[in-house]
Protein chains: 2
Amino acid sequence: MKKLFPLVTTDIALFTIIDDSLRVLLVKRANTPEPGKWALPGGVLDPASDSDLDDTAQRVLSGKTGVDVPFLDQVATFSGATRDPRGWSVSVLYYALLPRDQVPAIAGKKTEAIEWRDAFAPGSRLAFDHADLIRAALATLRDKVERAALPLHLLPDRFTLTELQQTCELILGRALDKSVFRRRLKDEPRIVQLEGEFLYGSQRPAQLYGAAEGFRF
Amino acid sequence: MKKLFPLVTTDIALFTIIDDSLRVLLVKRANTPEPGKWALPGGVLDPASDSDLDDTAQRVLSGKTGVDVPFLDQVATFSGATRDPRGWSVSVLYYALLPRDQVPAIAGKKTEAIEWRDAFAPGSRLAFDHADLIRAALATLRDKVERAALPLHLLPDRFTLTELQQTCELILGRALDKSVFRRRLKDEPRIVQLEGEFLYGSQRPAQLYGAAEGFRF
DNA sequence: TCAATAGTGTCTGTTAGACACTATCCC
DNA sequence: GGGATAGTGTCTAACAGACACTATTGA
């Protein structure tokens, strides 16, 4: 069956941190095409209920995971006659960040089989061109962090500078110098020191920080 | 009439340099909606002939201007129920660069009324949300040049370093230091000195350069 | 010779990287 | 005190900005 109009969908690369590694959410496809294969969560545009594609992405992700993500941004648009066996398709790719401490919430609400795969090695034989999409989303995320964006949306509300640094290191795939990292945050308006709040452990307590009002990335 | 499927189009912000200013190509709309208003060249996807949306963009631009541009890249995707009066629409925005010396070629082949507007002040009352699209395309272009991309596609095949610097300055909207600019190009593999070729004028001749093999941006 | 633009050299303040150092908790 | 991690100080090399300087043409 040949379609006259392209299929318009959004796919979302949802990242989080689990066990000190950057993970991306995959969903096992139940239906054709490509049943049984793992894919990024995605779904078709519903013109009746979505006011724009950002809406579509939020709705799709909310439907598959039960959570509303705090950050969602467009990566790029993939299109073509052959990338989906159903015919000409357009997929607008988004990426989203889920705070570390909200991962359990998804596990409880999921309706389909899901897996948190290593973002840098999500496995072969993914559905459609989703391996490419993951690479593109990862490149965008890395590029932003490289350009001094703060991935606070991957962290809990309160975090230490060491945690922030480790998160950046996971994304960038390389070690950062503690002194340099902190020096650059000295006059950073996007994070605020939580006066008198510390994280206690079996060592010197660490100052806690939070995102500033109006923080986006 | 309510559509079940969204309208999928591409719009292209085609930039060039005219009279020492950065310009963007606008086309006067002949048909509804918004007849008589100025808009970016654009057109609907044709699944039968386009293998992907990059194809669509090339085809649309070629059809409206008669030239094949050497550089075309995706900016972002705009979507929504209300941005086009015909109904739910998705527009994938591209930007393209036309070498300065090929501007006359377009004037000869055009089939519609066109204008090269100042990219930073393209005028008010543009069709649809195209003022937003121009801003987005410009931001992407500027960001790339800021990050050391070389806008060689705006220049002729052979150019001087001063011409390259002036082009960057037009895009960035600020003056650059000649010494700094040239220092950074010292070990630049993307441009090659054209041994023994100079541009002569009423002053010291200027060394000519060209883009290196395989140059993209 | 001068006007004009091409192209270079140099000083200086800022910043990134490396790495050693001090501080402060729990045990 | 010892172990561990938090947090700071300092040296150096690289780099950007500013700006003066030299070079080479046509008129």
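To find a chain, count down the sequence lines: A is the first, B the second, and so on, and within it residues start at 1. Note that these values count all heavy atoms, side chains included, but never hydrogens, waters or copies made by symmetry.
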Nearest atoms (heavy-atom pairs only) where B:I12 meets B:A96: CG2-CB, 4.0 Å
DNA chain C: 5'-proximal contact among A:G201 and B:L161 (nearest heavy atom): B:L161
Any A:R182 side-chain N or O less than 4.0 Å from OP1/OP2 of D:dG7: yes
Residue met sooner reading DNA chain C from 5', once B:L208 and A:R184 are mapped to nucleotides: B:L208
Atom-to-atom span, CD of B:E146 to C1' of D:dA16 - whole angstrom: 13 Å
B:Q207 side-chain proximity, nearest of C:dG7, C:dA6, D:dA4: C:dG7
Of the listed nucleotides D:dT24, C:dA6, C:dA16, the one nearest the side chain of B:P205: D:dT24
Interatomic distance, A:F198 CZ vs C:dA23 C1' [rounded to whole Å]: 12 Å
A:R204 side chain, from C-beta outward: closest of D:dA16, C:dG7, C:dT24: C:dT24
Whole-Å gap separating P (D:dT5) and CD (A:E163): 13 Å
Interatomic distance where CG belongs to A:D177 and C1' belongs to D:dT8 [whole Å]: 12 Å
Derivation and outcome, side-chain hydrogen bond (donor to acceptor under 3.5 Å, both in side chains), residues A:T140 and A:R142: CA-CA 5 Å; A:T140 298; A:R142 193 177 263 195; over 6 Å; no
Test log, rule ring pair (Phe, Tyr, Trp, His ring centres under 6.0 Å), inputs B:F71 and B:Y95: CA-CA 8 Å; B:F71 181 80; B:Y95 79 111; 5.7 Å; yes
Sugar-phosphate, base or nothing in reach of A:S179, heavy atoms under 4.0 Å: base
Residue A:D157 excluded, over 12 heavy atoms near CG under 6.0 Å: no
Any B:S202 side-chain nitrogen or oxygen under 4.0 Å from OP1 or OP2 of D:dT25: no
Polar pair under 3.5 Å, donor/acceptor by atom type, side chain A:R183, base C:dG17: yes
Atom-pair distance (NZ on A:K178; P on C:dG17), nearest Å: 17 Å
